[in-house]
Amino acid sequence: MNKSLINTFTYIKKQLQSYLNDEFKEYNLKSSEIFFMHILHTQGELSQIEISKILECDKSHIHRTLVKLMDKAYIKYVEDEHNEHNKNLKLSLTQQGEEISKKFDKAMKKWDKAMKAGLTIEEIKTAKKVALKIIDNALNFKKTGE
């Protein structure tokens with residue numbers, strides 16, 4: 001299999017998405033929705049704007065996903081009578097959303113274990129070091145175009 005580096009990372013991402021879609025099918029959740037919930041689980045209450053900055057996603061995509069999660073009763077707005085603008089309102093997980101997010105943590109540990117199968121500790125360290133360098137290169141390229 002002769003794949004470019006980008007295709008390799010894309011393939012891994014697609015496999016992770018497929019795995020998560022299967023794991024959370026019973027909750028009618030897609031992988032992208034799970035990541036939104038995970039951010040609220042780990043970061044606490046956040047506004048749409050804060051979520052947008054963390055995920056570096058299009059604001060309309062953020063809004064559509066959050067509406068879906070609210071319709072499914074997995075997230076909710078935090079009551080704040082002093083706030084007039086919905087985009088600045090904080091969002092949090094519902095109790096059901098928290099329970100699902102804990103299952104996400106378990107699913108990711110299972111995925112991580114499967115991805116490391118057959119690798120030595122040194123190979124894992126090297127892979128992480130290389131991946132982080134590639135991320136740095138991508139960020140620098142985005143900033144400078146070089």
Side-chain angles (χ1 to χ4, degrees), residues 1 3-80 83-119 121 123-145:
M1 183 184 304
K3 291 187 173 210
S4 73
L5 190 58
I6 295 300
N7 287 344
T8 301
F9 284 126
T10 300
Y11 184 77
I12 294 168
K13 179 184 174 189
K14 286 182 179 182
Q15 293 306 308
L16 173 59
Q17 289 170 329
S18 177
Y19 164 71
L20 290 174
N21 289 342
D22 290 345
E23 286 289 307
F24 293 92
K25 185 183 286 187
E26 70 182 280
Y27 302 105
N28 191 27
L29 286 167
K30 298 290 183 198
S31 60
S32 61
E33 295 168 329
I34 293 291
F35 283 112
F36 279 64
M37 292 172 62
H38 180 67
I39 287 169
L40 290 171
H41 175 73
T42 58
Q43 304 280 322
E45 298 173 355
L46 297 170
S47 69
Q48 285 187 41
I49 293 169
E50 291 168 325
I51 294 169
S52 177
K53 288 178 183 175
I54 292 168
L55 291 175
E56 296 184 20
C57 283
D58 176 78
K59 289 176 185 166
S60 61
H61 171 69
I62 300 281
H63 179 74
R64 285 190 308 272
T65 303
L66 293 175
V67 167
K68 287 178 187 177
L69 290 170
M70 281 189 265
D71 288 346
K72 295 173 186 178
Y74 295 143
I75 67 168
K76 63 184 178 184
Y77 280 115
V78 176
E79 296 294 323
D80 182 2
N83 198 327
E84 304 166 5
H85 305 291
N86 273 0
K87 289 184 180 175
N88 295 324
L89 283 175
K90 300 287 185 178
L91 295 146
S92 68
L93 293 171
T94 62
Q95 184 175 353
Q96 187 178 15
E98 279 290 344
E99 291 170 15
I100 293 169
S101 288
K102 290 175 187 172
K103 291 180 181 185
F104 173 81
D105 291 340
K106 290 178 185 174
M108 289 306 294
K109 286 177 184 171
K110 185 177 171 183
W111 173 264
D112 188 61
K113 183 178 178 182
M115 294 306 99
K116 292 176 181 176
L119 298 175
I121 292 172
E123 288 171 327
I124 293 167
K125 286 179 183 178
T126 300
K128 186 174 182 178
K129 185 177 178 180
V130 170
L132 291 172
K133 179 62 179 169
I134 291 168
I135 291 168
D136 282 344
N137 290 344
L139 292 172
N140 287 334
F141 182 77
K142 183 179 174 184
K143 287 178 188 174
T144 65

Might you point out which heavy atoms bring [X] and [Y] nearest each other, and give the distance in Å?
X: Gly97; Y: Met37; answer: O-CE, 3.5 Å
X: Glu123; Y: Gly118; answer: OE1-O, 4.0 Å
X: Lys110; Y: Glu23; answer: NZ-OE2, 4.1 Å
X: Leu91; Y: Leu40; answer: O-CD2, 3.5 Å
X: Ser92; Y: Val78; answer: OG-CG2, 3.7 Å

What pairs with [X] under ring pair (Phe, Tyr, Trp, His ring centres under 6.0 Å), at least two apart in sequence or on another chain?
X: Tyr19; value: Trp111
X: Phe24; value: none
X: His63; value: none
X: Tyr74; value: none

Contact check, side chains of [X] and [Y], non-hydrogen atoms, under 4.5 Å:
X: Lys128; Y: Ile124; result: no
X: Ile100; Y: Ile34; result: yes
X: Phe9; Y: Lys13; result: no

From Tyr11 OH over to Ser4 OG, what is the distance, rounded to the nearest 0.5 angstrom?
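It comes to 14.0 Å.
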Identify, with sequence neighbours excluded, every residue that meets side-chain hydrogen bond (donor to acceptor under 3.5 Å, both in side chains) alongside [X].
X: Glu33; result: Lys72
X: Asp112; result: Lys116
X: Asp58; result: Ser60

Using the salt bridge (Lys or Arg N to Asp or Glu O under 4.0 Å) criterion, which residues pair with Glu56? Sequence neighbours excluded.
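For Glu56 the salt bridge (Lys or Arg N to Asp or Glu O under 4.0 Å) partners, ignoring immediate neighbours, are Lys142.
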The criterion is salt bridge (Lys or Arg N to Asp or Glu O under 4.0 Å); which residues satisfy it with Lys143, sequence neighbours excluded?
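Not a single residue meets the salt bridge (Lys or Arg N to Asp or Glu O under 4.0 Å) criterion with Lys143.
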Can any side-chain N or O of [X] pair as donor or acceptor with the backbone N or O of [Y] at less than 3.5 Å?
X: Thr94; Y: Ala73; answer: yes
X: Asn21; Y: Lys30; answer: no
X: Thr65; Y: His61; answer: yes
X: Ser52; Y: Cys57; answer: yes

Residues which pass side-chain contact (heavy atoms from CB on, under 4.5 Å) with Thr10, listed by chain and number, not counting sequence neighbours:
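Per chain and number, Thr10 pairs via side-chain contact (heavy atoms from CB on, under 4.5 Å) with Ile6, Lys14.
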Taking only residues two or more places apart in sequence or in another chain, which ones pass side-chain contact (heavy atoms from CB on, under 4.5 Å) with Ile135?
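Testing Ile135 for side-chain contact (heavy atoms from CB on, under 4.5 Å), a comparison that skips the adjacent residues, returns Leu132, Leu139.
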With sequence neighbours excluded, give me every salt bridge (charged side-chain N to carboxylate O under 4.0 Å, His left out) pair touching residues 91-103.
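Pairs touching residues 91-103 that pass the test: none.
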